[in-house]
Amino acid sequence: IDHLAEVDYSLNRLPAVFRPFIDLDLKGIVYPAGNYSSPPYVAPPFTIPDQRDSMLYLAFSEYFFQTSSFAYYTAGAFNITIAEEVRRSNLVNSFIFSFFHQTCSYFNISTEIFGSIIPEVAKYSVTPYPVMLKLMATDIPIISLEQDSFTAEIQGSMEAFAVLPDSTTQSLFTMNIAANTSIALNIFDQKLMGSLCLNRLQFSLAHSNVGFFEISLLENILSYILQTEVIPSANAKLSKGFPLP
């Protein structure tokens, strides 16, 4: 699929040949690249409804998307660093590899901006410094398959850092994140593609080095960052598609 994941479409058994059709039972397992250990899921058998209007019918079970979620989580694809473009070369070395090193030139949040809505930050950091955000999934996203789409329940964290002049960082606070997303599916150019939509987002304060503060003051700006930075990055990846057998 890419440098993070591989998919196994090998046959589970010999093709079943009938007079009106041929039935192919494919594995459809997604692995972290180079790691072929069995995923922690069981693939229940399923059948395709009897339809005769098209030449080819292709069905994916929930197991396929569960192994995809596990593979990309294992490979670190849900770890995202957001920082100023100008400082990117110095910052990315401070963190584990992230599938999205999402940066943009107009991302210019500083401790001064945070301090205007969180007085505790202003007291902690008198001198304005750039802010870097590190997002990561803390557990394997839970996948539920629906008609023409699936939902993903994601548990994660977001840690905010002040970036000092010598490129070292100081942790300001860490937020817990609970997100519910849906991904609409379609097939184009022999690939399975998707489009991500954020349905629900909840924050809670996990740890703070600046003292306790009401997270409601921060939710709007963090929601904006996720909607304008993280979701477009995910959709850019999904638009490349999964190769079909």
Side-chain angles (χ1 to χ4, degrees), residues 73 76-142 152-182 196-236:
Y73 172 81
F78 298 101
N79 301 332
I80 306 170
T81 299
I82 305 177
E84 280 187 276
E85 180 73 25
V86 68
R87 296 176 180 271
R88 181 186 182 201
S89 60
N90 290 329
L91 298 182
V92 295
N93 294 326
S94 302
F95 296 96
I96 63 175
F97 175 78
S98 166
F99 180 69
F100 302 115
H101 282 309
Q102 175 58 29
T103 60
C104 65
S105 58
Y106 61 82
F107 180 79
N108 192 28
I109 294 179
S110 65
T111 54
E112 185 177 23
I113 294 175
F114 271 150
S116 66
I117 58 175
I118 305 174
E120 289 79 5
V121 172
K123 296 175 184 177
Y124 181 82
S125 178
V126 178
T127 302
Y129 295 119
V131 167
M132 177 172 60
L133 301 178
K134 178 186 176 184
L135 293 86
M136 64 182 298
T138 54
D139 204 352
I140 303 170
I142 299 174
E153 295 282 349
I154 303 173
Q155 301 293 325
S157 67
M158 174 188 289
E159 189 169 6
F161 295 86
V163 183
L164 305 183
D166 61 358
S167 296
T168 60
T169 59
Q170 288 184 348
S171 176
L172 299 175
F173 54 83
T174 303
M175 309 283 288
N176 292 323
I177 303 174
N180 176 277
T181 64
S182 59
L196 177 66
C197 177
L198 183 62
N199 301 326
R200 187 178 68 253
L201 189 63
Q202 293 179 319
F203 293 97
S204 61
L205 185 62
H207 175 75
S208 174
N209 288 323
V210 301
F212 176 80
F213 58 89
E214 293 292 336
I215 62 170
S216 59
L217 301 174
L218 193 59
E219 281 183 320
N220 288 340
I221 189 170
L222 295 181
S223 296
Y224 174 80
I225 291 170
L226 289 176
Q227 291 282 12
T228 59
E229 299 287 324
V230 179
I231 299 300
S233 295
N235 280 328

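Everything quoted here is computed from the prediction, not taken from an experiment.
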Report summary line: Ser216 meets the side chain to side chain contact (heavy atoms under 4.5 Å, CB included) criterion, sequence neighbours left out, with Glu214, Glu219

Can you tell me how far the [atom1] atom of [X] sits from the [atom2] atom of [Y], to the nearest 0.5 Å?
X      : Y      : atom1 : atom2 : result
Thr111 : Ile118 : OG1   : CD1   : 11.0 Å
Asn180 : Leu198 : CG    : CG    : 8.0 Å
Asn79  : Leu135 : CG    : CG    : 9.0 Å
Ile154 : Ile140 : CD1   : CD1   : 12.5 Å
Ile215 : Asn176 : CD1   : CG    : 9.5 Å
Asn209 : Phe161 : CG    : CZ    : 9.5 Å

Please report, to 0.1 Å, the donor-acceptor pairs under 3.5 Å made by any side chain of residues 120-129, with sequence neighbours excluded.
from: Ser125; atom 1: OG; to: Thr127; atom 2: O; distance (Å): 2.9

Between [X] and [Y], which heavy-atom pair has the shortest distance, and what is it?
X      : Y      : result
Ser110 : Val131 : C-CG2, 3.4 Å
Tyr73  : Ala137 : CE1-O, 3.6 Å
Met132 : Thr169 : CE-CG2, 3.7 Å

Query raised in the report: Quick one: salt bridge (Lys or Arg N to Asp or Glu O under 4.0 Å) pairs with a partner in residues 157-173, sequence neighbours left out?
Result: none

Report summary line: salt bridge (Lys or Arg N to Asp or Glu O under 4.0 Å) pairs touching residues 196-210, sequence neighbours excluded, are Glu153-Arg200

Query raised in the report: Who pairs with Thr174 by side-chain hydrogen bond (donor to acceptor under 3.5 Å, both in side chains), at least two apart in sequence or on another chain?
Result: none

Requested in this report: Using the test side-chain hydrogen bond (donor to acceptor under 3.5 Å, both in side chains), find all partners of Ser157 that sit at least two apart in sequence or belong to another chain.
Outcome: none

Query - Test ring pair (Phe, Tyr, Trp, His ring centres under 6.0 Å) applied to Phe203 - qualifying residues, sequence neighbours left out - result: none

Query - Residues forming a ring pair (Phe, Tyr, Trp, His ring centres under 6.0 Å) with Phe114, sequence neighbours excluded - result: Phe173

Report task. Determine, stepwise, if the pair Ile177 / Leu201 fulfils side-chain contact (heavy atoms from CB on, under 4.5 Å). Result -> CA-CA 7 Å; Ile177 303 174; Leu201 189 63; 3.5 Å; yes

Report task. Please lay out, stage by stage, how Met175 and Leu205 fare under the test side-chain contact (heavy atoms from CB on, under 4.5 Å). Result -> CA-CA 5 Å; Met175 309 283 288; Leu205 185 62; 3.8 Å; yes

